[in-house]
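Okay, so here's the structure we're looking at.
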Amino acid sequence: MRYLIVLGLAAALAGGCNAWVALHNDGIVRGRVLQGDGRPAAGVTVTFWERTLTSLERRATARTGPDGRFAFSGQPAHHFALQAEQTGLGASPRTLYRRYFRGQNLTLAEPLRLRP
Amino acid sequence: MRPTRAAAVHGALTVVSALMLVPFYWVLKTSLTGENIFQYPPALLPRAIHPFYYVDVWYYIPFVRYVANSVIVSAIVVLGNLAFNALAAYALTVGFRGRRAVILLLLSCMLIPFQATIIPAYLITKQLGLLNTHVGLALPLCSTIVCIFVFKTSFDAVPRSLIDAARIDGLAEWRIIRHVMLPLSTSAVATTVILSFVWSWNSFLWPLIVIRNPELQTLPLGLSTFLSYMENTTGALYAFCIMVLVPGVVLFLLEQRRFIEGLTSGATKG
């Protein structure tokens, strides 16, 4: 009986987690880029780097809109880095982020800040 | 035992148990924080807990495949141990010429480490065409002398009259084992299941020698591969260790009572 309970709970937990993952794994990463003085940075190129076992590999780029917002979609990497860059405005530090599962939809809590 | 004395004994045992659990606690804590294990002074309580090292292990290496291979090999080992050890132990409970010599031979074989027999074992496995297979991985662990004696001790405790009655009823010897001896030896079965599972689950040297195909690697081999890739191994390594440990610990907790019964059932005889 206890085998049934333990294995049943494990199966239910795994099933629940998989269902949650399936519903939230579009690989969307959203965020904002701000200039050094705090104003939104428009037209900035944001680069998405995937962290592999041994290195960082460039996967995609996106441009920010007039309000400084950007979005990537279909990026499965669970460990990745973002960097914003614009000639004349400077670049943000390449910052590492983690997700709980591959393709988890994520909105960055902190904006990327350009530094001259 | 008087209550004060019992409390003192329990208190001492609790302290010793806590000390024994410290390494496990440290592994768990490091897997959730990734802090430097050589940090001084050490932080007793975890800070900034996160599960990302477990996520790394899950995605950076084919963890599910390693688990599947380990489960398949362990299942073969457990079934093999139950079948072969029960048969061997039953034979040793029946009187036959040279029985004592066989028991002495088995006991003396326990003194030979596996490393000493690994080359013949490899050659036999190769002759059988079982290199790079799950069965080849499981083969050397499919019967273990310790478990034979665990079964023998348990079978010895079964009344002879019961076996004689089964024979009179026309049961074949293998059916006596299946329908009389094994149901009366659940502790021995549990002990064999746990011991053989853990031995197989943790086996490293034999899979390292027998397996060339990465698709067939088991968890301990995966761990060594993982170590060779990762730059900063502390948190992820400990997370991997926890993930490898969990099935064995769960199995032990599920069968704890019978396991201890099985190991101690013959301890007070004679």
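Chain identifiers are assigned alphabetically (A, B, ...) following the order of the sequence lines, protein sequences preceding nucleic acid strands; residue numbering begins at 1 within each chain. We use all heavy atoms of the structure for the numbers below, so side chains are in, but hydrogens, waters and symmetry mates are not.
Side-chain contact check for Tyr100(A) versus His50(B): every heavy-atom pair is 4.5 Å or farther apart. Looking at Arg102(A) and Val55(B), their side chains never come closer than 4.5 Å, going by heavy atoms from C-beta outward. Considering only heavy atoms from C-beta on, Tyr60(B) comes within 4.5 Å of Arg51(A) through its side chain.
No more than 12 heavy atoms of other residues, nucleotides or ligands sit less than 6.0 Å from atom CZ of Phe24(B). Dense packing is recorded around CZ of Arg94(A), with more than 12 heavy atoms of other residues, nucleotides or ligands lying under 6.0 Å away. Annotation for Arg212(B): atom CZ does not count as buried by contact number, only 12 or fewer foreign heavy atoms lying within 6.0 Å. Within 6.0 Å of CH2 in Trp26(B) there are more than 12 heavy atoms belonging to other residues, nucleotides or ligands.
With chain A as the partner, the residue from Val250(B), Leu254(B), Ile61(B) showing the most heavy-atom pairs under 4.5 Å is Leu254(B).
A cation-pi arrangement, defined by a distance under 6.0 Å to the six-membered ring centre and an angle within 45 degrees of its axis, is absent between Arg99(A) and Phe52(B).
Tyr59(B) and His79(A) share no side-chain donor-acceptor pair at under 3.5 Å.
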